[in-house]
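Structure first, then comments.
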Amino acid sequence: MKKLFFTSILALTVVSCTSRLGNTDKLGKNQASITGTQWILADDITNKPTLVIEQNRISGNAGCNNYFSDATIDTSAGNFSAKNIGSTRKMCNNMITETAYLEVLPKVNKYVVTESTLELYKDNLLLLKFTKQ
C-alpha cells in the first residue's frame with residue numbers, strides 16, 4: 001500500500017513539475033509531422049526517458065527498461081495517442097521515474113511541436129516536454 005501511495009505521489013509530482021506553461025495557444029491546430037524523430041525528456045532527472053517516433057509506432061527507454069507502443073498521430077489536429085504499451089522487465093535500483101512515465105504516457109491526447117521541443121498534453125494540461133536529440 002505504501003508503494004502504491006508513493007508511486008501515485010510521484011506521478012502527480014512529475015505531472016505537476018512538467019505542467020509549466022507550454023504552447024497551449026497551438027493546441028488543436030495543425031502540427032508538423034513528428035514521424036522519424038527522437039526526443040529526450042526535458043526534466044532535470046537522472047535516467048531520462050526517451051521517445052522515438054516512427055509511423056504508427058513509438059519506442060524508447062523509460063529510464064530503465066525499453067518500451068514500445070502503437071501510436072496514432074494526426075498532424076491536422078495535433079492529436080497523439082499511445083496504446084498497448086509494452087516494455088522489457090528488468091529491475092533497476094530506482095523504478096520511480098519509469099513507473100511515473102509509463103503511467104502518464106497513455107494519458108496523452110494532444111501534441112505541440114516546435115523545431116527543438118515536443119510537448120505532450122492531456123487536453124490543455126502539459127504532461128511531458130521533450131527536447132530533440
Side-chain angles (χ1 to χ4, degrees):
M1 185 68 167
K2 265 188 193 179
K3 194 173 194 178
L4 178 62
F5 175 75
F6 287 118
T7 301
S8 298
I9 294 298
L10 178 67
L12 290 174
T13 302
V14 168
V15 169
S16 66
C17 287
T18 60
S19 305
R20 53 197 168 269
L21 292 176
N23 290 313
T24 55
D25 57 322
K26 296 181 181 180
L27 275 173
K29 297 181 181 169
N30 191 32
Q31 298 294 320
S33 174
I34 52 176
T35 301
T37 58
Q38 297 182 22
W39 306 89
I40 188 164
L41 194 66
D43 283 339
D44 189 22
I45 56 174
T46 57
N47 301 326
K48 293 181 182 189
T50 61
L51 176 64
V52 177
I53 303 170
E54 298 176 15
Q55 191 163 359
N56 301 322
R57 300 280 300 160
I58 61 170
S59 61
N61 185 282
C64 172
N65 288 284
N66 294 324
Y67 71 94
F68 44 88
S69 173
D70 296 328
T72 304
I73 301 167
D74 175 11
T75 58
S76 65
N79 293 334
F80 179 102
S81 68
K83 304 239 188 269
N84 304 318
I85 298 174
S87 69
T88 56
R89 304 236 179 221
K90 295 186 296 185
M91 282 302 287
C92 297
N93 289 335
N94 188 350
M95 299 290 289
I96 296 172
T97 299
E98 177 166 311
T99 302
Y101 178 73
L102 293 176
E103 285 179 1
V104 169
L105 191 58
K107 296 177 182 176
V108 172
N109 62 5
K110 299 275 183 197
Y111 80 96
V112 173
V113 65
T114 64
E115 196 169 300
S116 61
T117 62
L118 171 65
E119 298 174 347
L120 300 180
Y121 291 82
K122 166 72 172 146
D123 301 323
N124 290 333
L125 177 65
L126 177 60
L127 298 179
L128 299 165
K129 186 172 184 177
F130 295 87
T131 55
K132 200 167 199 174
Q133 273 189 316

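Reckoned from all heavy atoms, side chains included, excluding hydrogens, waters and symmetry mates.
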Side-chain heavy-atom pair T97, P49 within 4.5 angstrom cut-off: yes

Take atom CD of Q55 as the centre, draw a 6.0 Å sphere, and report whether it contains more than 12 heavy atoms from other residues, nucleotides or ligands. no

Quick one, T117 with F130, criterion side chain to side chain contact (heavy atoms under 4.5 Å, CB included). Give me CA distance, side-chain angles, the key distance, then yes/no. CA-CA 6 Å; T117 62; F130 295 87; over 6 Å; no

Would you say the side chain of T50 lies within less than 4.5 Å of the side chain of L41, judging by non-hydrogen atoms? no

Distance, nearest 0.5 Å, that separates CD1 of I73 from CD1 of I58: 7.5 Å

Judged by modelled atom types alone, do N109 and N79 share a side-chain donor-acceptor pair under 3.5 Å? no

Donor-acceptor under 3.5 Å (K129 side chain, D43 main chain): no

Partner residues of T88 under the side-chain hydrogen bond (donor to acceptor under 3.5 Å, both in side chains) criterion, sequence neighbours left out: N65

So, taking the atom named NZ in K90 and the one named CE in M95, what distance separates them when rounded to the nearest 0.5 Å? 9.5 Å

Quick one: does T72's side chain get under 4.5 Å of N56's, heavy atoms only? no

Do the non-hydrogen side-chain atoms of P106 and I85 ever get within less than 4.5 Å of each other? yes

Please tell me if the side chains of Y121 and T24 come closer than 4.5 Å, counting only heavy atoms from C-beta onward. yes

Kindly write out the residues that satisfy side chain to side chain contact (heavy atoms under 4.5 Å, CB included) with K132, not counting sequence neighbours, or none if the list is empty. T37, W39

Which heavy atom in M91 sits nearest to a heavy atom in C64, and how many Å separate them? C-SG, 4.4 Å

Would you kindly confirm whether I45 and I40 end up in one hydrophobic cluster when ILVMFWY residues are joined by side chain heavy atoms under 4.5 Å apart? no

Hits for side chain to side chain contact (heavy atoms under 4.5 Å, CB included) against N47, two or more places apart or cross-chain, chain-then-number order -> none

So, taking the atom named OG in S69 and the one named CG in L105, what distance separates them when rounded to the nearest 0.5 Å? 6.5 Å

Can you tell me if K107 has over 12 outside heavy atoms packed within less than 6.0 Å of its NZ? no

To the nearest 0.5 Å, atom CZ of F80 lies from atom CD1 of I53 at 5.0 Å

I'd like to check the side-chain hydrogen bond (donor to acceptor under 3.5 Å, both in side chains) partners of T75; sequence neighbours left out, ordered by chain and number. none

Using modelled atom types only, decide if a donor and an acceptor are shared between the side chain of Q31 and the backbone of V113 within a distance under 3.5 Å. yes

Contact list for residues 66-78, test salt bridge (charged side-chain N to carboxylate O under 4.0 Å, His left out), sequence neighbours left out: R57-D70

Check whether T131 reaches the backbone of A42 with its side chain - one donor and one acceptor, N or O, closer than 3.5 Å. no

Sequence neighbours excluded - ring-ring contact (aromatic ring centres under 6.0 Å, His included) pairs with any residue from residues 44-72: Y67-Y101

Note, L51 side chain near L120 side chain (heavy atom, < 4.5 Å): yes

Do V52 and L102 sit in one hydrophobic cluster, given that two such residues count as connected whenever their side-chain heavy atoms are within less than 4.5 Å of each other, even indirectly? no

For the pair Q38 (side chain) and Q133 (backbone), establish whether a donor and an acceptor sit closer than 3.5 Å, ignoring hydrogens and angles. no

Can you establish whether the number of heavy atoms outside D25 located under 6.0 Å from its atom CG is more than 12? yes

Mind checking the CG-OG1 spacing from D44 to T46? Nearest 0.5 Å is all I need. 9.0 Å

